[in-house]
Amino acid sequence: MLMLSITEAFAPSTSISISSMNHQSQRYKQTAPALNLKDDDMSEEEREIAIDKALKAMTSFSNKYINNTNTKYCSDLSIPAVVIKGLAEHKVTLGAPLCPCRYYEDKEKEAKDGFWNCP
């Protein structure tokens, strides 16, 4: 069974790097409507620590999920890596792992509703 580790998921050999994803999320933060984000009061260092912790939690969750459901990751590991990274960022910014694969008019409302949150 294919399992992801944070090192494998975000290795330089993948087509997407953490630094480029962080840059993209910072750019989104600047252009998105004003949100009451959970990480607004965090320093950059605190945010990085929180993201790292959330990445570990979401990677663990994802690995347990594929074991429990007898499913597999996409063979292109950059795809689950981006999804896991998105879940981790939403967990830090919104307080819940809102699915990053969808567009939301109001992310905060969707995160509170919980329908699109990963358990």
Side-chain angles (χ1 to χ4, degrees):
M1 172 128 344
L2 182 62
M3 299 289 285
L4 275 180
S5 71
I6 292 175
T7 306
E8 292 170 326
F10 298 103
S13 62
T14 61
S15 61
I16 301 200
S17 70
I18 291 175
S19 62
S20 69
M21 286 189 283
N22 283 342
H23 176 70
Q24 290 170 352
S25 66
Q26 291 298 321
R27 186 177 67 209
Y28 174 78
K29 240 182 176 179
Q30 294 169 358
T31 60
L35 298 174
N36 184 22
L37 300 177
K38 307 289 184 216
D39 66 339
D40 280 344
D41 295 333
M42 290 183 185
S43 70
E44 190 61 35
E45 183 179 344
E46 290 171 325
R47 186 176 190 286
E48 285 181 30
I49 291 168
I51 292 286
D52 186 51
K53 182 179 176 183
L55 269 173
K56 289 176 184 170
M58 291 295 95
T59 300
S60 176
F61 162 78
S62 299
N63 286 332
K64 286 177 187 173
Y65 181 86
I66 65 166
N67 279 331
N68 293 339
T69 60
N70 200 26
T71 55
K72 298 177 184 178
Y73 286 117
C74 177
S75 60
D76 178 353
L77 292 181
S78 69
I79 293 171
V82 169
V83 172
I84 292 168
K85 173 73 172 168
L87 290 169
E89 287 209 350
H90 284 162
K91 189 171 177 81
V92 171
T93 60
L94 299 169
L98 184 67
C99 178
C101 303
R102 301 180 50 83
Y103 170 77
Y104 307 98
E105 289 288 329
D106 185 345
K107 285 186 179 186
E108 287 179 299
K109 179 184 178 304
E110 294 292 343
K112 287 177 187 172
D113 289 347
F115 185 79
W116 292 107
N117 294 344
C118 285

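Counting from 1, the numbers follow the sequence of the chain as shown.
Considering only heavy atoms from C-beta on, Y73 comes within 4.5 Å of I84 through its side chain. Counting heavy atoms from C-beta on, the side chains of F115 and C99 never come closer than 4.5 Å.
In terms of the side-chain contact (heavy atoms from CB on, under 4.5 Å) criterion, residue partners of I49 (sequence neighbours excluded) are, by chain and number, E45.
A salt bridge does not link E108 to K112: none of the charged side-chain nitrogens sits closer than 4.0 Å to a carboxylate oxygen.
Closest heavy-atom contact between H90 and P100: CE1-CA, 3.8 Å. Taking all atoms of both residues into account, the shortest heavy-atom contact from L87 to L98 is CD2-O, 3.7 Å. Closest of all the heavy-atom pairs between L77 and C74 is CD2-O, 3.7 Å. For E46 against M42, the heavy-atom pair with the smallest separation is OE1-CA, 3.3 Å. For the residue pair C101 and V83, the shortest heavy atom distance occurs at SG-CG2, 3.9 Å. Nearest heavy-atom pair across K85 and L55 is CA-CD2, 3.9 Å.
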Practice task
Begin from the C-alpha positions of T93 and K107 and carry the test side chain to side chain contact (heavy atoms under 4.5 Å, CB included) through to its verdict.
Solution key: CA-CA 10 Å; T93 60; K107 285 186 179 186; over 6 Å; no
Handout entry: side chain to side chain contact (heavy atoms under 4.5 Å, CB included) between R47 and E89, worked out
Key = CA-CA 9 Å; R47 186 176 190 286; E89 287 209 350; 4.1 Å; yes
